[in-house]
Trainee: 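Let me give you the structure first, and then I'll get to my questions.
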Amino acid sequence: MRMYKPLIIASFFIFILIFFYFWYFSPQKQIERIFNINIEASGLELLNKEEKWDINGDGDKLLIYNYEKINLESFGPLKQLPIQEELEVNGLPSQYKNLKVGYYKVILDDFDNRDMDILIVDPSNKKIIVYVQIM
């Protein structure tokens, strides 16, 4: 029995680490961390993830999520699409730039307006698009 005790303790800690890893990197937590919001959504799953980063740290990340049900009020204040701001967006596909129905939120960096986080909620296709750009 003494031989199994360290094995049981190690298994318990590994289980806890795996649980927190998947909780911390869940799709919902990723969106909440980027936009500092607390969202209420069910059936949230990552459909596509594209990242392009240069050696100097510049780049962008595009995350596309699908959802079953969402509470838009939990996102805080959102603006109506289309995007009104003039943004120097490099990697956001035009199909998302030109959306006419839905909501969005843009967070611009205080020092460089090319650094931005964009959240787009497309209720007609039940998608959430997250775009992060650092220049």
Side-chain angles (χ1 to χ4, degrees):
M1 185 66 176
R2 287 184 176 177
M3 208 160 69
Y4 293 114
K5 191 173 183 179
L7 183 61
I8 292 170
I9 292 171
S11 298
F12 176 74
F13 282 117
I14 290 172
F15 173 76
I16 296 294
L17 288 174
I18 290 171
F19 172 78
F20 281 116
Y21 174 80
F22 285 108
W23 175 77
Y24 186 76
F25 289 107
S26 71
Q28 187 169 339
K29 291 295 178 190
Q30 289 179 355
I31 296 171
E32 289 176 351
R33 275 193 311 276
I34 292 171
F35 293 96
N36 196 23
I37 57 176
N38 187 16
I39 63 172
E40 298 170 13
S42 64
L44 196 62
E45 70 173 295
L46 182 63
L47 292 178
N48 190 14
K49 179 179 181 180
E50 296 177 23
E51 292 189 57
K52 298 176 212 133
W53 299 101
D54 292 334
I55 198 163
N56 64 353
D58 292 353
D60 58 14
K61 176 179 8 179
L62 177 67
L63 304 169
I64 302 172
Y65 298 94
N66 201 13
Y67 66 88
E68 292 176 12
K69 186 177 172 186
I70 198 163
N71 180 2
L72 286 174
E73 293 174 0
S74 67
F75 283 86
L78 294 174
K79 298 178 183 176
Q80 291 270 163
L81 286 171
I83 296 175
Q84 302 297 321
E85 291 88 352
E86 284 293 321
L87 303 172
E88 294 182 40
V89 178
N90 293 334
L92 185 63
S94 61
Q95 67 195 41
Y96 301 119
K97 281 186 214 176
N98 300 327
L99 280 175
K100 303 285 186 224
V101 178
Y103 308 93
Y104 76 98
K105 182 176 190 174
V106 175
I107 299 174
L108 295 172
D109 186 64
D110 293 333
F111 301 108
D112 188 353
N113 63 356
R114 297 175 301 162
D115 295 351
M116 66 188 77
D117 302 326
I118 303 173
L119 171 74
I120 299 172
V121 180
D122 180 4
S124 59
N125 295 317
K126 292 192 172 188
K127 291 194 185 336
I128 297 174
I129 297 96
V130 175
Y131 179 73
V132 177
Q133 175 176 290
I134 300 173
M135 292 291 157

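Please read all numbers here as calculations on a predicted model, not as lab measurements. Side chains included, hydrogens not; waters and symmetry mates left out as well; all remaining heavy atoms used.
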Trainee: Let me check something: do Met135 and Ile107 share a hydrophobic cluster, defined by ILVMFWY side-chain heavy atoms less than 4.5 Å apart, either directly or through other members?
Mentor: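 Each belongs to a different hydrophobic cluster.
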
Trainee: Of all the heavy-atom pairs spanning Lys127 and Tyr67, show the shortest one and how long it is.
Mentor: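 It is N-CE2, 3.4 Å.
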
Trainee: Distance check, rounded to the nearest 0.5 Å: Leu46 atom CG versus Leu63 atom CG?
Mentor: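 So the gap between those two atoms works out to 6.0 Å.
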
Trainee: Enter the distance from Asp54:CG to Asn56:CG here, rounded to the nearest 0.5 Å.
Mentor: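 That separation rounds to 5.5 Å.
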
Trainee: Closer than 3.5 angstrom, by distance alone: can the side chain of Tyr104 be matched with the main-chain N or O of Gln84 as a donor-acceptor pair?
Mentor: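 Present.
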
Trainee: Contact between Asp115 and Gln133 at the side-chain level, heavy atoms closer than 4.5 Å - yes or no?
Mentor: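 They are not in side-chain contact.
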
Trainee: Check whether Val121 and Val101 end up in the same hydrophobic cluster, where Ile, Leu, Val, Met, Phe, Trp and Tyr are linked by side-chain heavy atoms less than 4.5 Å apart.
Mentor: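 No, Val121 does not connect to Val101 through the hydrophobic network.
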
Trainee: Are Ile120 and Leu108 linked, directly or through other ILVMFWY residues, by side chains that come within less than 4.5 angstrom of each other?
Mentor: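 Ile120 and Leu108: one cluster.
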
Trainee: For the CZ atom of Phe12 and the CD1 atom of Ile8, what is their distance to the nearest 0.5 Å?
Mentor: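 Result: 12.0 Å between the selected atoms.
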
Trainee: Is any side-chain heavy atom of Leu47 closer than 4.5 Å to a side-chain heavy atom of Tyr65?
Mentor: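 Not in contact.
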
Trainee: Between CG of Asp117 and CG of Asp109, what distance do you get to the nearest 0.5 Å?
Mentor: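 Going from CG on Asp117 over to CG on Asp109, the span is 9.0 Å.
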
Trainee: Would you mind reporting whether Trp53 and Lys61 have side-chain heavy atoms less than 4.5 Å apart?
Mentor: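 Yes, at least one pair of side-chain atoms sits under 4.5 Å.
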
Trainee: Dump the intermediate steps for side chain to side chain contact (heavy atoms under 4.5 Å, CB included) on Ile64 and Tyr96, then the final yes or no.
Mentor: CA-CA 10 Å; Ile64 302 172; Tyr96 301 119; 3.3 Å; yes

Trainee: Between CG of Leu99 and CG of Asn125, what distance do you get to the nearest 0.5 Å?
Mentor: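 So the CG of Leu99 and the CG of Asn125 are separated by 7.5 Å.
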
Trainee: For Leu78, does its backbone N or O pair with a side-chain atom of Lys105 as donor and acceptor, under 3.5 Å?
Mentor: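 The answer is no, because no donor-acceptor pair under 3.5 Å joins these two groups.
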
Trainee: Identify the two heavy atoms, one from Gly102 and one from Pro123, that lie closest to each other, and give their separation to 0.1 Å.
Mentor: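 In terms of heavy atoms, the two residues are closest at CA-CD, 3.6 Å.
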
Trainee: Does any part of the side chain of Leu7, heavy atoms only, come nearer than 4.5 Å to the side chain of Ile9, both counted from C-beta?
Mentor: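 No. Closest side-chain heavy atoms not under 4.5 Å.
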
Trainee: Any donor-acceptor pair under 3.5 Å linking the side-chain atoms of Tyr131 with those of Asp60?
Mentor: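 Yes, because at least one side-chain N or O of Asp60 sits under 3.5 Å from a partner of the opposite role on Tyr131.
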
Trainee: At what distance, to the nearest 0.5 angstrom, does CG of Leu44 lie from CD1 of Ile70?
Mentor: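 Answer for the CG-CD1 pair, Leu44 versus Ile70, is 7.0 Å.
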
Trainee: Determine whether Leu62 and Lys49 satisfy the following criterion, side chain to side chain contact (heavy atoms under 4.5 Å, CB included), listing intermediate values before the conclusion.
Mentor: CA-CA 6 Å; Leu62 177 67; Lys49 179 179 181 180; over 6 Å; no

